[in-house]
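Heads up, the thing below is written out as structure tokens.
What's counted below: heavy atoms across the whole structure, side chains too, no hydrogens, waters or symmetry copies. Lettering of chains follows the sequences in order, A, B, ..., and the numbering in each one begins at 1.
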Amino acid sequence: MVFPKYVKVRQERFGAVVFDTLKEKVFVSNPTGADILRLLGEEKSIGDICDELSRSYDGNPAQLKVEVNNFVDELRKRELFII
Amino acid sequence: MNKAQGIIDELEDISITGSNVEDFESPLFIAWQLNSACNLDCLHCCEEAGHKMPDELSREEAIDFCRQIIDLKIPYAAISGGEPMLCPHFFELAEVFTSNGISLKVETNGMFIGDKEAKRFAKLGMRSIQISVDGATAETHEVMRKRGDFRKSLDACKLLIENGVNTEIVFVPTKFNIHEIGKAIDMAYTLGVYGFYTGKIMRIGRAAQNWDLLCPTDEQYAEAFEVLKAKQVQYDGKMKVYYYPYDVVDELKYRLHHPAASLLVIPNGKVKLIGPLPFLCGDLRRQTLKDIWQRYKKAWKEKAVIDFTNRVINDPQLLCESNRWVDLYPE
């Protein structure tokens, strides 16, 4: 699981920016998305990401897992992440 | 509350870099006009390029600028000119970018790309090289690109593609070539380029001086955009056919309220707000890139900028002043 070569992720105060420099399209995420993006960049598995986030965020772990999977799926559909 | 909820909603496509420029800690994109020297004398050159500026950044200053781009984690840079391959340290700078993970696009006329250069580009692993090809025939290309060589530009594309370099063609429509736009797209596809980019000619620099000679009529544009739409469908999934439908005035109307998260650096290290306006907001010899970014954000709110931009919107002839620089913050 990797970011394509020309997809660049940068952490920002508001969260993160994902820049597909090949398509010249910019996306932004909130701080939770930024955490997921950071952990994806560290090549963590979805399971590890959920474990790590569940220690930082309140809420139902099962729901968190759904949200993380949806987020990663959204990245994949936009060709911002390769699984 | 589970903060993870809603993250997808906030992953939004803002399409054009920096619709919320205030939020970004540094630019997302640097457009760098590396030098002013050019071997051609194009009728439509935005930069009025030709001769070297006397005060262009030195090699050391240019490398320092690259380092600042890397330190600020700016993801994407484009090097243009003049003709950037005439700059003796061009490849060295390109290497600094790509070896530090920055996506790099180079905009060139392709006249200095032989097999050796194509192989060198291939090793760099750049995002792309954009070659200017302004016609489907030598006659049209060379009437606009004085001293240009259509065959050499196409050969450059072929060599780059053979060596696995992501190659794009840029086509500026004018009265001379707009009728060939469909054929030019077909030719680009035959060459195997990644993308074909076009849009309305920008009324700045030498293009502004030659405006009546160059600018297509509304009818010609309408016909060309119909061709482009059809070609987009024809090459969907095979080659990117991209056209920007707005002109400089439309762009300025938008940018006045939504500045791009990008900086335009000219060969002497001064930083422009945007190509069509004359305003400078910084100087790499006097400020750090980080400081210039803050100046840039402030500059778009300056009365002088807002007033002049509105005047340009009402009187596009003022675009002729785009290269007569006005320093917003003289020291």
Practice problem: May I ask you to check whether over 12 heavy atoms, not counting those of B/K73, lie within 6.0 Å of atom NZ? | Solution: no
Exercise. May I ask you to check whether over 12 heavy atoms, not counting those of A/K65, lie within 6.0 Å of atom NZ?
Key: no
Quiz item: Is there a side-chain contact between A/K8 and B/L28, using heavy atoms and a 4.5 Å cut-off?
Solution: no
Quiz item: With distance as the sole test, does B/Y76 use its side chain to make a donor-acceptor pair with the main-chain N or O of A/L22 at under 3.5 Å?
Solution: no
Practice problem: Please state whether the side chain, the backbone, both or neither of A/R13 comes within less than 4.5 Å of a heavy atom of chain B. | Solution: both
Quiz item: Does B/R127 come within less than 4.0 Å of A/E24, counting only side-chain N to carboxylate O?
Solution: yes
Quiz item: Heavy atoms, side chains only, cut-off 4.5 Å: are B/K105 and A/T21 in contact?
Solution: no
Quiz item: Is the gap between the ring centers of B/F24 and A/F14 under 6.0 Å?
Solution: yes
Practice problem: Mark yes when over 12 heavy atoms from residues, nucleotides or ligands other than A/E43 sit less than 6.0 Å from its CD; otherwise mark no. | Solution: no
Quiz item: Below 4.5 Å, heavy atoms only, C-beta onward: do A/V28 and B/D23 meet side chain to side chain?
Solution: no
Exercise. Any chance you could measure B/L104, atom CG, to A/Y6, atom OH, to the nearest 0.5 Å?
Key: 9.5 Å
Exercise. Determine the minimum heavy-atom distance between A/R10 and B/P75, stating which atoms define it.
Key: NH1-CD, 3.9 Å
Quiz prompt | 4.5 Å side-chain heavy-atom contact, A/K5 and B/S103 | solution = no
Practice problem: Measure B/Y194 against the heavy atoms of chain A and call it side chain, backbone, both or neither at under 4.5 Å. | Solution: side chain
